[in-house]
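Just so you know, these numbers use all the heavy atoms, side chains as well, and skip hydrogens, waters and symmetry mates. The model shown is predicted, which means the values in this text are computed figures rather than measured ones. Order of the sequence lines fixes the chain letters, A, B, ..., with proteins taken first and strands second; residue numbering starts at 1 for each chain.
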Amino acid sequence: MSRFYLTTPIFYVNDAPHLGHAYTTVTADAVCRWQRLLGNDVVFMTGTDEHGLKVQRAAEANGLTPQEQADQTSERFRDAWDHINIAYDDYIRTTEPRHHASVRAFMQRCYDNGHIYKGTYDGLYSVSDEAYVTQADVDEGRVSGPVERMTEENYFFKLSEFAEPLLEWFEREPENITPTRYRNEALGIIKGGLADVSVTRTSLDWGIRVPWDESQVFYVWYDALINYATVAGYDGDPDRFAAWWPATRHLLGKDIIRFHCVYWPAMLMAAGVKDLPKFHVHGWLLIGGEKMSKSKLNQISPENMTEEFGVDGFRYAMLRDTSFGPDNDFSYEALLSRYTSDLANAFGNLLGRVAAVVESKAGGIGPAASPDSPLRESTAAAYEAASKAWEQVQPSVALDATWQILRDANEYFQRMEPWKLPEGNEVNAVLGDTLECLRIATILASPAIPDAAAVAWQRIGMTGNPADQRLPEAAEWGGYGGGTQVIRGDPLFPRISSD
RNA sequence: GGCGGCGUAGCUCAGUUGGUAAGAGCGCUCGACUCAUAAUCGAGAGGUCGCCAGUUCAAGUCUGGCCGCCGCUACCA
């Protein structure tokens, strides 16, 4: 048994949960559920990033204190994740005392190790963009309003010192960042030259106080990144940290590569943390299709997506239709099409037709799988492919491989025509083998569709929950012993009309 | 501007270190079947692999140029 610690980025609380957040989080959830099937010890973490100027401003605009603003939005994220069945083990908020303590301890180490110094930040600030900008930004018209020169005494992190160590890390760990395209991008950032970065601010209060200079607070990014260490027990639980930190994997979007894949590893080195995380980077979820844009689904909360397709329908379609890495198009039409073809037709309908024939030809009792089934080999191959894909954080590939079992089972069932056979061994073998395919596919699909998988599991006469199965044994042919009641029931994934 | 990425069948995407007649799912056409959620199964049509040039016995797969789209370039996954 091994440990598996997976994080999503923590989400900034000036923005309501939307499909992009859901994409990252559902992917992480499914990957963790797969790891649990393997019997690994898993910690799955998500949470909210609550400090910084934008939160302070948003609070003022809403007539709230920053804490109230953070409380409200953080709760919305938590509700959204509960709604789409995200089984997180820890939900961190950067305003929690444990995180404040952790950040102060972490940064104090960096300071004590001589990687932080006091300097003068001198930069251009665009009020309308609420952001610091470069001269190049101004020259090339990427700034929406007037800029003013800001001068501030800040503490700087000696990022420039870490270019070499970072390159050594890339040399040493060929798979530190996947997919490769993003590894190259991070490498490009490092090779492009790293300047020291200002990590504190005096211009706002809503942040974590610098332990060696209480007049300053940490700039929100450098507080936020440390959350991953907080959850692993960085401050106050050295044993836990030693055990879990080496198992760390970060899931993130390509827009935050710089901070995660370059700055964060450098900070860890500065704090004297030996183990560096693995990074899995994904592209954007692009929203295409007219119906989708009609209701501005790119801004809509994840809850709205589940009204028609159910939680599992939404989760499945998103995981199956987005290849992890590149940007992906996602649309209402695609979602409907995926739901219908894969869930209603290939899975739900197979379940229904088998149950109907079990009822008419086997008295409603599922017969056992036959040991020498022609489906045995292809099912094993599908498991191997799915397993490999989950390991590589490729849910779409894993689910496609899993559905091969269902396609094969439908083909077999069709070819054997059990509904025409007389009751007896021959029909029992066909039914048992098809049920066995459903049993295995249900386990393998459960990370994507946990609730529906649990229902399907009961329908074919299994007891317990597919989530409690252990791979790889549970995926081996012959696990369906038969002799239990198969339940026909209502369609597991009812068809949805397209209007 | 700088750095990086993408452009393969109608759609969404796969295509190891260049090498048998370019793949999958969906969609479409035709046929079969009727156990099932008008589901399922079979057959088929459909691609000059963005464009041009080059390297090579051989390029979707390498090199150069061009066109189009996109990301990052200090606080949105």
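- Nearest to the side chain of A:Ser323, among B:rG71, B:rC13, B:rC35, sits B:rC13.
- Contact of A:Asn349 with B:rA36 (side chain to base): a donor-acceptor pair of N or O atoms is detected under 3.5 Å.
- Rounded to whole angstrom, the span from the CD atom of A:Gln414 across to the P atom of B:rC33 amounts to 11 Å.
- In this entry the distance linking CD1 of A:Ile257 with P of B:rG71 reads 13 Å, nearest Å.
- Residue contacts for A:Thr25: at a heavy-atom cut-off of 4.0 Å it reaches no nucleic acid atom on any strand shown.
- By the 30° and 60° cut-offs, the orientation of the rings of A:Trp403 relative to A:Tyr316 is tilted.
- In the set B:rG5, B:rC35, B:rG25, B:rC35 carries the atom at the smallest distance from any side-chain atom of A:Val357.
- Contacts of A:Arg407 with the nucleic acid, taken as non-hydrogen atoms under 4.0 Å apart, involve only primed sugar atoms and P, OP1 or OP2.
- Among the nucleotides B:rU37, B:rC41, B:rC33, the one closest to any side-chain atom of A:Glu411 is B:rC41.
- Mapping A:Asp321 and A:Val354 onto RNA chain B by nearest heavy atom places A:Asp321 at the nucleotide closer to the 5' end.
- Annotation: B:rA43 and B:rC67 have their P atoms spaced 46 Å apart (nearest Å).
- Considering only the side chain of A:Arg353, B:rU40 comes nearest among B:rA39, B:rC26, B:rU40.
- Backbone-only contact: A:Arg488 has heavy atoms under 4.0 Å from sugar-phosphate atoms and none from a base.
- In this structure, of B:rA74, B:rC72, B:rC6, it is B:rC72 that holds the atom nearest to the side chain of A:Asp255.
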Check: residues 351-367 of chain A side-chain donor-acceptor pairs under 3.5 Å, at least two apart:
residue	atom	partner	partner atom	Å
A:Arg353	NH1	A:Asn410	OD1	2.9
A:Arg353	NH2	A:Gln414	OE1	2.9
A:Ser360	OG	A:Ala356	O	3.4
A:Ser360	OG	A:Val357	O	3.3
A:Lys361	NZ	A:Leu421	O	2.8

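- Rounded to whole Å, the P atom of B:rG19 lies 49 Å from the corresponding atom of B:rC35.
- Between A:Phe324 and A:His282, the ring planes lie perpendicular to each other; the angle is over 60°, past the 30° to 60° tilted range.
- Among the atoms of the strands shown, none is found under 4.0 Å from any heavy atom of A:Tyr182.
- More than 12 heavy atoms of other residues, nucleotides or ligands shown are found within 6.0 angstrom of CD on A:Gln485.
- Residue A:Ala344 has its side chain nearest to B:rU37 when only B:rC35, B:rU37, B:rA74 are considered.
- One can place CD of A:Glu417 at 20 Å from P of B:rA39, the figure rounded to the nearest angstrom.
- Salt bridge annotation for A:Arg78-A:Asp82: absent, with no cationic side-chain nitrogen under 4.0 angstrom from a carboxylate oxygen.
- Taking side-chain N and O atoms only, A:Arg258 has no distance below 4.0 Å to OP1 or OP2 of B:rC3.
- Side chains of A:Glu308 and A:Tyr332: a donor on one and an acceptor on the other come within 3.5 Å.
- A:Tyr23 comes within 4.0 angstrom of nothing in the nucleic acid, heavy atoms only.
- Straight-line distance between the P atoms of B:rG5 and B:rG65: roughly 14 Å, to the nearest whole Å.
- Contact between the side-chain N/O atoms of A:Arg495 and the OP1/OP2 oxygens of B:rA39 is found at a separation under 4.0 Å.
- The CG-P distance, from A:Leu336 to B:rG27, rounds to 11 Å in whole Å.
- Between B:rG25 and B:rG44, the two P atoms lie 13 Å apart (nearest whole Å).
- With salt bridges taken as basic N to acidic carboxylate O contacts below 4.0 Å, one links A:Arg439 and A:Glu436.
- Relative ring orientation between A:Phe493 and A:Phe347 is described as tilted, the plane-to-plane angle lying within the 30° to 60° band.
- Separating the P atom of B:rG27 from that of B:rG50 is a span of 26 Å, rounded to the nearest Å.
- Heavy atoms of A:Gly52 sit nowhere under 4.0 angstrom from any nucleic acid atom.
- Rounded to an integer number of Å, the gap from A:Lys254 NZ to B:rC70 C1' is 6 Å.
- Between B:rA74, B:rG25, B:rU37, one nucleotide has an atom nearer to the side chain of A:Pro491 than all others, and that is B:rU37.
- Taking only side-chain nitrogens and oxygens, A:Asn410 never comes nearer than 4.0 Å to OP1 or OP2 of B:rA39.
- Expressed to the nearest 0.5 Å, how far OH of A:Tyr263 lies from CZ of A:Arg258 amounts to 4.0 Å.
- Atom OH in A:Tyr222 sits about 11 Å away from atom P in B:rA74, given to the nearest Å.
- Close to B:rC33, at under 4.0 Å from its OP1 or OP2, lies no side-chain N or O of A:Lys420.
- Between A:Asp490 and A:Arg459 there is no salt bridge, since none of the side-chain N atoms of the basic residue sits less than 4.0 Å from a carboxylate O of the acidic one.
- When heavy atoms are screened at a 4.0 angstrom cut-off, A:Tyr263 is found touching no nucleic acid atom at all.
- Paired runs in RNA chain B that reach 3 or more consecutive Watson-Crick or G-U pairs, where each pair keeps both distances under 3.5 Å, cover B:1-7 with B:67-73, B:10-13 with B:23-26, B:28-32 with B:40-44, B:50-54 with B:62-66.
- Residue A:Lys54 places its side chain closer to B:rC76 than to any other of B:rU34, B:rC70, B:rC76.
- Put simply, CG on A:Leu343 is 17 Å from P on B:rG25, counting in whole angstrom units.
- Comparing the same atom, P, in B:rU17 and in B:rU55 gives a spacing of 24 Å after rounding to whole Å.
- With RNA chain B read from its 5' end, the first of the two nearest nucleotides for A:Leu251 and A:Asn345 is the one closest to A:Asn345.
- Counting non-hydrogen atoms under 4.0 angstrom, A:Ile256 reaches the backbone sugars and phosphates but no base.
- For the P atoms, the distance linking B:rU48 with B:rU61 amounts to 16 Å, nearest Å.
- A:Ala356 comes within 4.0 angstrom of sugar-phosphate atoms only, judged by non-hydrogen atoms across all strands, and of no base.
- If you measure from atom NE2 of A:His260 to atom P of B:rU73, you get 13 Å, rounded to the nearest angstrom.
- In terms of phosphate contacts, A:Ser337 brings no side-chain nitrogen or oxygen within less than 4.0 Å of OP1 or OP2 of B:rG27.
- Using cut-offs of 30° and 60° on the angle between ring planes, the pair A:His260 and A:His250 is perpendicular.
- B:rC49 and B:rU8 have their P atoms separated by 11 Å, with the value rounded to a whole Å.
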